[in-house]
2 protein chains.
Amino acid sequence: MNNPIGNLNKVFDSRIRLGVMSILMVNEESSFNDLKQMLELTDGNLASHLNTLEENGYLKVHKGFVGRKTNTTYSITKAGEKAFKGHLAALENMIRSIE
Amino acid sequence: MNNPIGNLNKVFDSRIRLGVMSILMVNEESSFNDLKQMLELTDGNLASHLNTLEENGYLKVHKGFVGRKTNTTYSITKAGEKAFKGHLAALENMIRSIE
DNA sequence: TTAAAGTACTTTGTAAATCAAAGTTACTCT
DNA sequence: AGAGTAACTTTGATTTACAAAGTACTTTAA
């Protein structure tokens, strides 16, 4: 494949999904609200991107509590880690050809 | 700005525009047909992305000839280089926080 | 105890982006 | 004349993105 963009993952074309993944790579898990604040998104927008990520098997969801309040946290699956690393490798590959 | 995606450039959310820019960073200039083949795109699709890039002042167009045939080449402007480097820096920044 | 607020969504509706395919203009080559 | 090439533009369909509002439930404050 000579095509420099052929190995990029379409799921990660979205800046928001890219942001979610990069946060979850550092944090191991993050709550809905933390993600919302870090990425400065509306509820609906975040929820739909999380949903896309989950549908692709890249995220897992854990519904729990903090005290008495519901608290949903998200973390990356094995497949998600693999896919994300693959995407980053493709990106770096593309960029490396520049310098 | 704590938001990890806040410094990404929206123009470069598109994999195709990312690909065009990365090719033109290496090649100094490239013809319509070369870009089309490298990125495996239809005429219309490529033309519209080139147009977006040009509208943003990131690309300049040179209409010339190869022998008697028309030959349009594209190259990156100063602003384009700056914007693209800024985007890459933002990307690398985001990625660096991971490792 | 009632009202306000928080959590995590889903639904709705709109606007924007993406793309292939076909059409167009202006050649050139045979 | 007829086919072919280059570089588009136009059209139309599909997908994506997003804000805003609505939902269901719980909790905290007055």
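Note: hydrogens, waters and symmetry copies are ignored here, and every other heavy atom, side chains too, is used. A, B, ... follow the sequence lines: proteins, then strands. Residue 1 opens every chain. None of the values given here were measured: they were computed from a predicted structure.
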Worksheet item: With nearest nucleotides of DNA chain D determined for B:Thr73 and A:Arg15 from heavy-atom distances, which residue corresponds to the more 5′ nucleotide?
Response: B:Thr73
Item to complete: Please figure out whether A:His49 or B:Thr72 has its closest DNA chain D nucleotide nearer the 5' end.
Response: B:Thr72
Discussion item. Using 30° and 60° as the class boundaries, would you call the ring planes of B:Phe32 and B:Tyr74 parallel, tilted or perpendicular?
Written reply: tilted
All N/O pairs under 3.5 Å across the protein-nucleotides 26-28 of chain D interface:
from	atom 1	to	atom 2	distance (Å)
D:dT27	OP1	A:Arg68	O	2.9

Worksheet item: A:Phe32 has a side chain; which of C:dT18, D:dC8, C:dA8 sits nearest to it?
Response: C:dA8
Practice prompt. Select one nucleotide: of D:dA6, D:dT9, D:dC18, the one nearest the side-chain heavy atoms of B:Asn33.
Written response: D:dA6
Practice prompt. State whether B:Thr42 places a side-chain N or O below 4.0 Å from either non-bridging phosphate oxygen (OP1 or OP2) of C:dC19.
Written response: no
Discussion item. Looking at A:Asn45, I'd like to know whether one of its side-chain N or O atoms comes within less than 4.0 Å of OP1 or OP2 on D:dA17.
Written reply: no
Discussion item. Do B:Ile23 and B:Asp34 have side chains that approach each other closer than 4.5 Å (heavy atoms only, starting at C-beta)?
Written reply: no
Practice prompt. Take B:Glu55 and B:Asn51, measure what side chain to side chain donor-acceptor pair (under 3.5 Å) needs, and give me the verdict at the end.
Written response: CA-CA 6 Å; B:Glu55 275 169 11; B:Asn51 200 45; 3.2 Å; yes
Worksheet item: Between atom CG in A:Leu50 and atom P in D:dT16, what is the gap in whole Å?
Response: 17 Å
Practice prompt. Hey, which sits more toward the 5' end of DNA chain C by its nearest nucleotide, A:Ser48 or A:Lys10?
Written response: A:Ser48
Worksheet, complete the sentence: Between A:Asn51 and B:Asp13, whichever has its closest DNA chain C nucleotide further toward 5' is A:Asn51
Discussion item. Set out, in order, the CA-CA distance, both residues' side-chain angles and the distance that settles side-chain contact (heavy atoms from CB on, under 4.5 Å) for B:Val61 and B:Leu50, then state yes or no.
Written reply: CA-CA 9 Å; B:Val61 184; B:Leu50 289 173; over 6 Å; no
Practice prompt. Report which part of the nucleic acid A:Ser31 touches: base, sugar-phosphate, or nothing (heavy-atom distance under 4.0 Å, all strands).
Written response: nothing
Worksheet item: NA contact type, B:Ile16, heavy-atom cut-off 4.0 Å: base, sugar-phosphate, or nothing?
Response: sugar-phosphate
Discussion item. Which heavy atom of B:Leu59 sits nearest to which heavy atom of B:Glu54, and what is that distance?
Written reply: O-CG, 3.6 Å
